[in-house]
Trainee: 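Take a look at the following structure, please.
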Amino acid sequence: MYATLPGFREFPPERFRERNRIFRILRSTADLFGFEEFDGPILEPLDLYVDKSGAEVVDQLFWFEDRGGRKVALRPEMTPTLARIVGAAGASLRKPVRWFTLNEQYRFERPQKGRQRAFTQFNLDILGEPSLGADAEVIACFVAALERCGLTQEDFRVRVSDRRIWTRFLDLMGIPAEKHPDCLSAIDKMERLSPEKLSAWLTPVLGDGTTDFLGRVAELRSIRDEAQLLPFLESLASRQEDNEKSAELVASWKQFRSAVDALGLGACAVLDLGIVRGLAYYTGPVFEIFEASGKGRALAGGGRYDHLVEKVSGVSMEATGGALGDVTLLDLLDSKGLLSTTLAGTECFLAIGGEASRPRALQITQLLRQFGISTSYLFKEAGFGKQFKEANRSGAKVVISVGEREIETDEYPVKDLASGEQISVSFENLGEQVRSVLRGGE
RNA sequence: GUGGUAGUAGCUCAGUUGGUUAGAGCAUCGGUUUGUGGUACCGAGGGUCGCCGGUUCAAAUCCGGUCUAUCACCCCA
């Protein structure tokens, strides 16, 4: 028959239920932090992404020409859409803007562990706010979301870095701005590539200075203590003016770091300049969250991108944000046993003693539903024993038997399946009594 | 897009040097049980052995291709 397309997942109820529970946690966490949810089109003009990310991205997009001859693409991310909406609203928006999305995005890439072609991302962004307190807030919200999913700060690491430190470093090393992207890319690869390969890759860009450069990079990358940042940068410069700039930068970083600590992330957030992130547009702090073992793909990542909104919309606005993907999150929660396996049946089940009793049973069903008690029953005729078995397997907590005997005496046995206790209740009192049995059974 | 590994029931897997009608556990359905569930026992359904082709008297088994999954590259917004 027909298989699902590569990288697209199916969610039968038991998996969908769990994913939804996690999504509710993400949404409520965003609420807690004062973020408001928005959404945008699933299909956008192809150029929206090409202009932002360059022509190479076309290979990684689901795109096609529509019947009106427009080149369109399934959204691979939300940032351009966000920038357009915010840019269009411009000055009328009360700042800072704190918005989030939780929706599906699409990238035409080869699927592998932690990466699908269709995935849901939890995006958090704060716009119109230059203070790095906003960057700390975004990270704190992701951390809170992970904790509310059942993880602890022992289970993951937030590796925080800062693009400005690398830019400053490259400037002090005397490397011209046009070579920065290649250098940043090399620094990013350092974690995975052997020194020989890395050197071979970078030598065409930097020439003879490559070995010395990589040595300095390794030194800076290994710094885990904020106090060592300034001495290191000062060791690269002699001019007073350079040192003043460096001191200013480090002071700004420390302010950011202090907000991160005050928000209670000290146990999981570590300075790690090995985090660079691929994109050229980051302008400040950047971060990635990994499982504590360090294995696997990032759970979340993001950073400050102060010039991107202007590039997409023409309106200048500071911005910082990040995204958390459902694929890696669900994998991790599953491996930690944090996905629930409870049954999803209705709270109450009606055992019906023959077709003559069915109309009354259906009335009772609707009565209970009006009381907010989820209720179901079998459509076909079956013995009480079978119906109890069915009730039990469906996960119901209470069974009400409805047969000719009960209808005649107006006494309906309400059985609590967990305790085995059974009480007798009249039609009139069913709603309240069943509700109290359900509540009392907690 | 490039390379390595794998694919047998819904799930987890067994299947001998190629040899009769491809098995088990779990799950599903039915029964023991036509007025009370979980346990237990009995039984049933479910397979083109991923797909296509080749070798052979004979292929789940060997070979080639392909699809899918997975891992490593590329990329990671």
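Just so it is clear: chains get the letters A, B, ... in the order the sequence lines come, proteins before strands, and each one is counted from 1. Not measured: the values here are computed from a predicted model.
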Trainee: Are the aromatic ring centres of Phe8(A) and Phe62(A) under 6.0 angstrom apart?
Mentor: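 Yes, close enough.
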Trainee: Check RNA chain B against residues 37-51 of chain A and give the residues with a non-hydrogen atom under 4.0 Å, in numerical order.
Mentor: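 Output list: empty, so none.
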Trainee: Can Phe384(A) be said to stack with the base of rG35(B), given centres closer than 5.5 angstrom and planes under 30 degrees apart?
Mentor: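 Per 5.5 Å and 30° rule: yes, stacked.
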Trainee: Can you tell which of rA77(B), rC73(B), rG30(B) lies closest to the side chain of Lys386(A)?
Mentor: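 Looking only at side-chain atoms, Lys386(A) lies closest to rG30(B).
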Trainee: Contact class for Ser401(A) vs. all strands (heavy atom < 4.0 Å): base, sugar-phosphate, or nothing?
Mentor: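 Base, at least one base atom sits under 4.0 Å.
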Trainee: Without swapping roles, check the side chain of Arg224(A) against the backbone of Arg221(A) for a donor-acceptor pair under 3.5 Å.
Mentor: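 Pair found, side chain donor or acceptor close to backbone of Arg221(A).
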Trainee: Could you tell me how far apart Gln112(A) (CD) and rU2(B) (P) are, to the nearest whole angstrom?
Mentor: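 Nearest whole value for this atom pair: 15 Å.
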Trainee: Tell me, yes or no, whether the heavy-atom count around Glu404(A) atom CD, taken from other residues, nucleotides or ligands under 6.0 Å, exceeds 12.
Mentor: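 12 or below, so no.
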Trainee: Report, as yes or no, whether the 6.0 Å neighbourhood of atom CD on Gln363(A) holds more than 12 heavy atoms from other residues, nucleotides or ligands.
Mentor: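 Enclosed.
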Trainee: Expressed as a whole number of Å, how far does the C1' atom of rA27(B) sit from that of rA9(B)?
Mentor: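 One C1' to the other, the span is 11 Å.
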Trainee: Between rA77(B), rU36(B), rA72(B), which one does the side chain of Glu109(A) approach most closely?
Mentor: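 For the Glu109(A) side chain, the nearest candidate turns out to be rA77(B).
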Trainee: Charged N to carboxylate O below 4.0 Å: is that the case for Asp331(A) and Arg297(A)?
Mentor: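 Arg297(A) and Asp331(A): not salt-bridged.
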Trainee: Consider side chain to side chain contact (heavy atoms under 4.5 Å, CB included). Of Asp125(A), Asn103(A), Leu102(A), which one does Met78(A) pass it with?
Mentor: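 The side chain to side chain contact (heavy atoms under 4.5 Å, CB included) with Met78(A) is passed solely by Asn103(A) among Asp125(A), Asn103(A), Leu102(A).
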Trainee: Heavy-atom nearest nucleotide on RNA chain B for Thr4(A) versus Glu77(A): which residue maps closer to 5'?
Mentor: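 Per heavy-atom nearest nucleotide, the more 5' residue is Thr4(A).
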Trainee: For residues Gln153(A) and Glu147(A), determine if any side-chain heavy atom of one lies less than 4.5 Å from a side-chain heavy atom of the other.
Mentor: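 In short, these two side chains touch, coming nearer than 4.5 Å.
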Trainee: Between rU70(B) and rG25(B), how many Å separate the two C1' atoms, rounded to a whole number?
Mentor: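 So the two C1' atoms sit 25 Å from each other.
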Trainee: Quick check on side chain to side chain contact (heavy atoms under 4.5 Å, CB included): which of Asp135(A), Val160(A), Ile275(A) does Phe287(A) satisfy it with?
Mentor: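 Exactly one candidate clears the test, Val160(A).
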Trainee: With heavy atoms under 4.0 Å as the rule, sort Pro6(A) into base, sugar-phosphate or nothing.
Mentor: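 Sugar-phosphate only.
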Trainee: Do Arg277(A) side-chain and rA77(B) base share a donor-acceptor contact under 3.5 Å?
Mentor: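 Answer no: no donor N or O sits under 3.5 Å from an acceptor.
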Trainee: How far, in whole Å, is rA72(B) from rC13(B) if one measures between their C1' atoms?
Mentor: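 27 Å, rounded to whole Å.
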Trainee: Does this structure show an ion pair linking Arg17(A) with Glu14(A), if we count only N-O contacts that are shorter than 4.0 Å?
Mentor: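 So Arg17(A) does not pair with Glu14(A) through a salt bridge.
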Trainee: At under 4.0 Å between heavy atoms, which parts of nucleotides 45-52 of chain B does protein reach? Answer with one letter per nucleotide, 5' to 3': B base, S sugar-phosphate only, - none.
Mentor: --------
Trainee: Which is true for Lys189(A) with a 4.0 Å heavy-atom rule: it touches a base, it touches only sugar-phosphate, or it touches nothing?
Mentor: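 Touches sugar-phosphate only.
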Trainee: Flag this pair as yes if the NZ/CZ of Arg159(A) is under 6.0 angstrom from the six-membered ring centre of Phe290(A) and inside a 45 degree cone about the axis; otherwise no.
Mentor: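 Because its charged atom sits under 6.0 Å from the ring centre and within 45° of the axis, Arg159(A) does stack over Phe290(A).
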Trainee: Enumerate the residues from residues 418-430 of chain A whose closest heavy atom to RNA chain B is under 4.0 Å, giving them by residue number; use none for an empty result.
Mentor: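 Heavy-atom contacts with RNA chain B come from Gly420(A), Gln422(A).
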Trainee: What residues from residues 113-138 of chain A pass a heavy-atom cutoff of under 4.0 Å to RNA chain B?
Mentor: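 By residue number: Lys113(A), Arg115(A).
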Trainee: So which of Val399(A), Leu378(A), Ile364(A), Val398(A) actually passes side chain to side chain contact (heavy atoms under 4.5 Å, CB included) with Leu350(A)?
Mentor: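 Exactly one option meets the side chain to side chain contact (heavy atoms under 4.5 Å, CB included) with Leu350(A), and it is Ile364(A).
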Trainee: CG of Leu82(A) versus P of rA77(B): gap in Å, rounded?
Mentor: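 Rounded to whole Å, this separation is 16 Å.
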Trainee: Quantified in whole Å, what is the C1' atom distance between nucleotide rU17(B) and nucleotide rG50(B)?
Mentor: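 Per the computed distance, 26 Å lies between those C1' atoms.
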Trainee: According to the Watson-Crick and G-U wobble definitions, with both distances under 3.5 Å, which nucleotide is paired to rU55(B)?
Mentor: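 Its partner is none (no Watson-Crick or G-U wobble pair with both distances under 3.5 Å).
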Trainee: Are any of the side-chain nitrogens in Arg21(A) or Glu18(A) under 4.0 Å away from the carboxylate oxygens of its partner?
Mentor: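 Yes, this pair counts.
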Trainee: Using atom C1' in both nucleotides, what's the gap between rC29(B) and rG46(B) to the nearest angstrom?
Mentor: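 Nearest-Å result for rC29(B) against rG46(B) at atom C1': 10 Å.
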Trainee: Have a look at Gly7(A) and say if it touches a base, only the backbone sugar-phosphate, or nothing, with a 4.0 Å heavy-atom cut-off.
Mentor: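 Gly7(A): backbone/sugar contact only, no base atoms under 4.0 Å.
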Trainee: May I have the distance from Leu417(A) (atom CG) to rU39(B) (atom C1'), rounded to whole angstrom?
Mentor: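 Rounding to the nearest Å, CG of Leu417(A) and C1' of rU39(B) are 15 Å apart.
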Trainee: How long is the line joining NZ of Lys295(A) and P of rC71(B), in whole Å?
Mentor: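 Value for this atom pair: 13 Å.
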Trainee: Taking the C1' atom in each of rU21(B) and rA58(B), what is the distance between them to the nearest angstrom?
Mentor: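 So the two C1' atoms sit 15 Å from each other.
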Trainee: For Phe8(A) and Val57(A), find the nucleotide of RNA chain B closest to each by heavy atoms; which residue's nucleotide sits nearer the 5' end?
Mentor: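 First, find each residue's nearest nucleotide; the 5'-ward one identifies Phe8(A).
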Trainee: With sequence neighbours excluded, tell me which residues meet salt bridge (charged side-chain N to carboxylate O under 4.0 Å, His left out) with Lys415(A).
Mentor: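 Scan of Lys415(A) (salt bridge (charged side-chain N to carboxylate O under 4.0 Å, His left out), adjacent residues dropped) gives none.
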Trainee: Looking only at atom C1', what distance separates rG18(B) and rA59(B), rounded to whole Å?
Mentor: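 One C1' to the other, the span is 6 Å.
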Trainee: Nearest to the side chain of Lys389(A) - rG35(B), rG38(B), rG1(B)?
Mentor: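 Comparing rG35(B), rG38(B), rG1(B) against the side chain of Lys389(A), the answer is rG38(B).
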Trainee: Paired with rA69(B): which nucleotide, if any, by Watson-Crick or G-U wobble criteria at under 3.5 Å for both distances?
Mentor: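 Matched rA69(B) with rU5(B) under the 3.5 Å cut-off.
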Trainee: Could you check which nucleotide pairs with rA22(B) in any of the strands shown, counting Watson-Crick or G-U wobble with both distances under 3.5 Å?
Mentor: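 Across all strands, not a single nucleotide pairs with rA22(B).
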Trainee: Can you label the angle between the Trp166(A) ring and the Phe169(A) ring as parallel, tilted or perpendicular, going by 30° and 60°?
Mentor: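 Aromatic pair Trp166(A)/Phe169(A) classed perpendicular.
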Trainee: Please tell me which of the listed nucleotides, rA77(B), rU32(B), rU70(B), lies nearest to the side chain of Pro111(A)?
Mentor: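 It is rU70(B).
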Trainee: Whom does rU16(B) pair with, Watson-Crick or G-U wobble, provided both distances fall under 3.5 Å?
Mentor: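 Per the H-bond distance test, none.
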Trainee: May I ask you to say what Lys311(A) touches in the nucleic acid, namely base, sugar-phosphate or nothing, with a heavy-atom cut-off under 4.0 Å?
Mentor: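 No contact at all - Lys311(A) keeps every heavy atom at 4.0 Å or more from the nucleic acid.
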Trainee: Identify, with sequence neighbours excluded, every residue that meets salt bridge (charged side-chain N to carboxylate O under 4.0 Å, His left out) alongside Asp39(A).
Mentor: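 Checked Asp39(A) against salt bridge (charged side-chain N to carboxylate O under 4.0 Å, His left out); matches are Arg75(A).
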Trainee: Could you tell me whether the phosphate oxygens of rG30(B), OP1 or OP2, come under 4.0 Å of any side-chain nitrogen or oxygen in Lys380(A)?
Mentor: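 True: Lys380(A) side-chain N/O within range (under 4.0 Å) of rG30(B) OP1/OP2.
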Trainee: Taking the six-membered ring of Phe427(A), is NZ or CZ of Arg360(A) closer than 6.0 Å to its centre and within 45° of its axis?
Mentor: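 Satisfied, under 6.0 Å and within 45°.
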Trainee: Could you tell me whether Arg393(A) contacts a base, only the sugar-phosphate backbone, or nothing, with contacts defined as non-hydrogen atoms closer than 4.0 Å?
Mentor: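 Sugar-phosphate: the residue Arg393(A), judged by heavy atoms under 4.0 Å, touches backbone atoms but no base.
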Trainee: Please measure how far the P atom in rC42(B) lies from the corresponding atom in rA6(B), and state the result in whole Å.
Mentor: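 Between the two P atoms, the distance is 39 Å.
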Trainee: Side chains of Arg163(A) and Tyr282(A): any donor to acceptor distance under 3.5 Å?
Mentor: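 Tyr282(A) vs Arg163(A): no donor-acceptor pair found between side chains.
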Trainee: How long is the line joining CG of Asp188(A) and P of rC74(B), in whole Å?
Mentor: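 Going from Asp188(A) (CG) to rC74(B) (P), I get 11 Å.
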